[in-house]
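Written out below as C-alpha cells is the structure these notes cover.
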Amino acid sequence: QVQLVESGGGLVQPGGSLRLSCAASGSIFSIRTMGWYRQAPGKERELVARITGSTYTNYADSVKGRFTISRDNAKNTVYLQMNSLKPDDTAVYYCNGRLAPISTRSYSDYWGQGTQVTVSS
C-alpha cells in the first residue's frame, strides 16, 4: 500500500525557517507530481508548491521567493524549505503525490495526514 509520510512541522518564530519532508513508501512504479498544500483556520485548502518531474515547479504567489520545493527521486521524497516565515503561514501542511503503484501502473492522488506549522512569537 502506498503511503505518504510527513515530518518537519513545528513551532517557529516569525522570520525563522523550517524544512518539511514527505517520503512516499510502498511499491511505486512512477511518480508524476508531488506537492504541498495547506489549510489555515477558516480557509480552504490551497496549493503551496508543486514539482513535476525533477525540476518543473510552481508556487502560490504568497510564498514565492520564500519557499523552495525540491525532490529526491532516488528516495521518493519531496521537501519544502520555508524561509522568512510569518504568522500567515500558520496552517496544517499536507503532502500530495500523483503516483502509480506497481500493482496497477495507473496514476492516483495520495495524501499525507498533515503536519502542523505554527509561526508565532
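All heavy atoms count here, side chains included; hydrogens, waters and symmetry mates do not.
Nearest heavy atom pair, residue Ser106 against residue Pro101, reads O-CD, 3.5 Å. Of all non-hydrogen atoms in Glu6 and Gly114, the two that sit nearest each other are OE1-N, 2.6 Å. Smallest separation of non-hydrogen atoms from Arg66 and Ser84: NH1-O, 3.1 Å. Contact between Pro14 and Ser121 at its shortest, heavy atoms only, is CD-N, 3.7 Å.
For the atom pair CG of Asp109 and CZ of Arg32, the computed distance is 10.5 Å after rounding to the nearest 0.5 Å. For the atom pair CG of Asn58 and OG1 of Thr52, the computed distance is 7.0 Å after rounding to the nearest 0.5 Å. To the nearest 0.5 Å, the span separating NZ on Lys75 from OG on Ser21 amounts to 9.5 Å. Taking OG of Ser62 as the reference point, atom NZ of Lys86 lies at 7.0 Å (rounded to 0.5 Å). Note that the CD atom of Glu44 and the CZ atom of Arg38 stand 14.0 Å from one another [nearest 0.5 Å].
Members clustered with Val63: Val2, Leu4, Val12, Leu18, Leu20, Ile28, Ile31, Met34, Trp36, Val48, Ile51, Tyr59, Phe67, Ile69, Val78, Leu80, Met82, Leu85, Tyr93, Leu99, Tyr110, Val117, Val119, by chain and number, using a 4.5 Å side-chain heavy-atom cutoff among hydrophobic residues. Under the 4.5 angstrom side-chain criterion for Ile, Leu, Val, Met, Phe, Trp and Tyr, the cluster partners of Val92 are Tyr37, Leu47, Tyr94, Trp111.
By the 6.0 Å and 45° rule, Arg98 does not stack over the aromatic ring of Tyr107.
Here the side chains of Gln81 and Ser17 are in contact, with some heavy-atom distance below 4.5 Å.
Listed by first and then second residue, the salt bridge (Lys or Arg N to Asp or Glu O under 4.0 Å) pairs involving residues 48-63 are Asp61-Lys64 (not counting sequence neighbours).
At a cut-off of 3.5 Å, with distance as the only test, no side-chain donor of Thr118 or Thr90 sits close to an acceptor on the other residue.
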